[in-house]
Enquirer: 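Got a structure here, written out as structure tokens. Questions coming.
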Amino acid sequence: MRYQRRVGWRKWVNGLNVAVVVIVLFVLLPIYWLIASSFKTPVNVGAQPPQYFPNPISFANYHSAFVHYGFGRYFLNSVIVTVVSTMLVLAIGSLAGYALGRLPMRGKSPLLVTLLIISVFPEIAVVSPLYLLMHQIGWLGSYQALIVPYIAFNLPFAIWIMRNYFLGIPKEMEETSRIDGASPVRTFWSVILPQALPGIFTAGVFTFTACWTEFLMALTLDNSNSYRTIPVGIALFGSPNVVPYGTIFAASVVAVVPIGVLVFVFRRFVVSGLTSGAVKG
Amino acid sequence: MATVGLNGINKVYPNGYHAVHDLTLNIQEGEFMVLVGPSGCGKTTVLRMVAGLEDISDGELRIGERVVNDVEPKDRDIAMVFQNYALYPHMTVAENIGFALKLRKMPKAEIRKKVEEAAEILGLTEWLDRKPKQLSGGQRQRVAMGRAIVREPSVFLMDEPLSNLDAKLRVKMRAEVRRIQQRLGVATIYVTHDQIEAMTMGDRVAVLKDGRLQQCDTPQNLYDFPVNQFVGAFIGSPAMNLYKGQLMEGGRNLKIGSQTLELSDNVHIAHPSLASYANKEVTVGIRPEGLKAVSSDVPRSRALDVQVSLVEALGSELMVHFGLDATVVRLEDVQDDEEEILTQGGEGVARIEPSVSVKTGDRLRLEVDLEHLHFFDPTTGVGIY
């Protein structure tokens, strides 16, 4: 009651709000620094005392990233690998998630536990054997050298998210649809999938982000210049004696944009996708 | 339009649970058949077997002339309304109602026409372009009905379609569902746990318990001639009062607790089998409406003296809960929760005219409607007629 009696600006200034603002600033600071520095001149990036605002605003770092270091190629490679992997993960994962969530089958829970274990399996443990395997089948330096392992590594988590979402859809939906005369495939496509969109978007955003930022496998399996993805590309900017921070910042800003857009567009779905399984499942 | 015939239907789940035992039931053309019973009695399982959503373990199911045990749900010519309606949330009302027709590859114009007809019957015309979440509970219920009637099936199956509505709306929709069903003349199987719904809606009511059919008859016959004490106690609200009684002096007197009622010849004419219980124990059923508050002039041979423990004024009548020194026969799983609370007040309930002035703690003389007493075997619970 006391809270409601406060008037004007005073009601906004309470402990909780201050805390929230501080935390948000704390989280945003590195991102601000990244963006601000990318627009500084290469000399000003490391200036002492530090420049809090870029002055003058310069696009030299962006120019350097795209023209001198061929960042456009890396960006394209990342888009190809990430988009193809994400699409396939969603296609396979939604069907698998539906089967594991809804269809009667033996060995469901061992399968789910296995998936869970795989999804937390450390990447580094499999990189070496994977390298040998890729070497033997001649896939090193190709898109599929990344796409196939990315699918394998991201499927389990995606299946879990989508399965939980399917579980939250009342079974009567399928039964009604079945009585209405829809085939199982039609039911999945016209009735279940549209209702599971939040879960699918959530899985999609997570998969996309994981593939987009993956470093270790990209470095090991696709290190030729024409197949290099963004994380590896940026890491290899410069020479042993020079680290072009400004260029790295500029490239990083460009690299963050697709994820930022994705999360912003689907934010409503992602939040509901993450919570729904917890409540209903 | 068709009949539905269940012949010796059994359901045994893979884990060995025997949910439905030898159920034989025939639903006539245009008949409204209600399956009623406490939760877990197998009524929904029966409905789902008729729909084809559950396999039939044993027995024969006919819709019309056809045996449909192994026929896919969509080919059984049925429509089902679920308790939670199961409306497709991403489709508009019109799309929801028309989905089945679209799957049949009916031309769009014809679908539109049929959907509009159904909407007209249900008063949904102005809501056709809305999504389900923009509708009230009653409207959603009607959309679910619309989805069923647009297909012009030979059988309607309804699984507690009104139980998600609030009490007032439920009463309104009760009449509406019945009206629509009568207008379309389609055989209907309606599952509910609410005996009032069963009594008010059903042409006939089938009472189930533990997967076994107890009795299937018209509501009035169920009320007047319950085949056993379970049906007696299940049908009617508040529930029938059941006491241990003893037939004394060759069956002329009925002793309930310390009090004795005199049974007239009419009682024995109505219950000839009662003769074999002479000088033995019986279970006596007295309906709350079979008790009348009277002055103390009425002889004790026709009345019971009770102690009032609680009075509930409903306006049109008083529910008087009372204590009596007789042994009460309890049927744990008979009442649903709502009625359980009603009967907690005492060891019996009487439905009394509101003009009688009575309050908690009073002594009250209740005249017993002896002609409408019910008698049950004390060990088997079977009705004695």
Side-chain angles (χ1 to χ4, degrees), chain A residues 90 94 97-99 101-109 162 164-204 265-266 268-273 275-277 279-281, chain B residues 13-15 44 47-55 68 71-92 95-106 111 131-133 140 143-148 150-151 153 155-161 164:
Chain A
L90 292 185
S94 58
Y98 181 69
R102 269 303 159 71
L103 303 185
M105 60 188 278
R106 279 165 179 275
K108 224 190 253 187
S109 24
M162 288 191 270
N164 280 354
Y165 214 84
F166 288 130
L167 282 179
I169 297 172
K171 232 172 64 203
E172 286 86 349
M173 292 285 173
E174 285 148 283
E175 293 176 340
T176 302
S177 166
R178 193 171 156 204
I179 294 174
D180 275 349
S183 66
V185 174
R186 181 68 192 258
T187 300
F188 181 71
W189 185 254
S190 301
V191 174
I192 301 301
L193 220 49
Q195 294 184 49
L197 279 183
I200 289 165
F201 284 136
T202 310
V265 170
F266 293 124
R268 211 161 47 85
F269 290 120
V270 173
V271 172
S272 77
T275 49
S276 80
V279 180
K280 291 186 207 155
Chain B
Y13 282 101
N15 63 10
T44 295
L47 195 74
R48 291 173 58 85
M49 284 194 285
V50 176
L53 298 171
E54 299 273 358
D55 292 333
V68 294
V71 175
E72 267 292 296
K74 68 181 164 77
D75 300 321
R76 292 191 181 193
D77 202 15
I78 47 147
M80 185 157 171
V81 179
F82 289 89
Q83 180 175 3
N84 62 5
Y85 317 143
L87 303 179
Y88 309 129
H90 55 291
M91 298 185 194
T92 63
E95 286 166 342
N96 261 289
I97 297 176
F99 187 63
L101 304 180
K102 194 173 150 193
L103 290 172
R104 286 185 197 168
K105 308 222 168 15
M106 193 180 272
I111 294 179
K131 292 271 175 70
K133 71 172 176 205
R140 286 182 204 181
V143 176
M145 286 288 293
R147 214 159 52 168
V150 76
R151 302 176 48 200
V155 184
F156 281 141
L157 306 174
M158 303 192 189
D159 186 7
E160 310 220 8
N164 279 4

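Proteins get letters first, then strands, A, B, ... in listed order; numbering begins at 1 in each. Computed from a predicted model, the values in this text were never measured in an experiment. Below, all heavy atoms of this structure are taken into account, side chains as well, without hydrogens, waters or symmetry copies.
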Enquirer: Could you tell me how the ring of F188(A) sits relative to the ring of Y98(A): parallel (under 30°), tilted (30 to 60°) or perpendicular (over 60°)?
Expert: tilted

Enquirer: Please determine whether a side-chain nitrogen of the Lys or Arg among D180(A) and R151(B) lies less than 4.0 Å from a carboxylate oxygen of the Asp or Glu.
Expert: yes

Enquirer: Looking at every non-hydrogen atom in both residues, tell me the closest pair between L101(B) and V150(B) and how far apart they are.
Expert: CD1-CG2, 3.6 Å

Enquirer: Less than 4.5 Å to any heavy atom of chain A: does that hold for the side chain of L53(B), its backbone, both, or neither?
Expert: both

Enquirer: Give the member of R186(A), E174(A), K171(A), R178(A) that has the highest number of heavy-atom pairs under 4.5 Å with chain B.
Expert: R178(A)

Enquirer: Where does the angle between the aromatic ring planes of F99(B) and Y88(B) fall among parallel (under 30°), tilted (30 to 60°) and perpendicular (over 60°)?
Expert: perpendicular

Enquirer: Counting only non-hydrogen atoms closer than 4.5 Å, does S183(A) touch chain B with its backbone (N, CA, C, O), its side chain (CB onward), both, or neither?
Expert: neither

Enquirer: Given a strict heavy-atom distance threshold of 4.5 Å, which part of R104(B) is in contact with chain A: side chain, backbone, both, or neither?
Expert: neither

Enquirer: Can you give me the closest heavy-atom contact between G199(A) and M162(A), atom names plus distance?
Expert: O-CG, 4.0 Å

Enquirer: Tell me, for Q83(B) versus chain A, whether the close heavy atoms (under 4.5 Å) come from the side chain, the backbone, both or neither.
Expert: neither

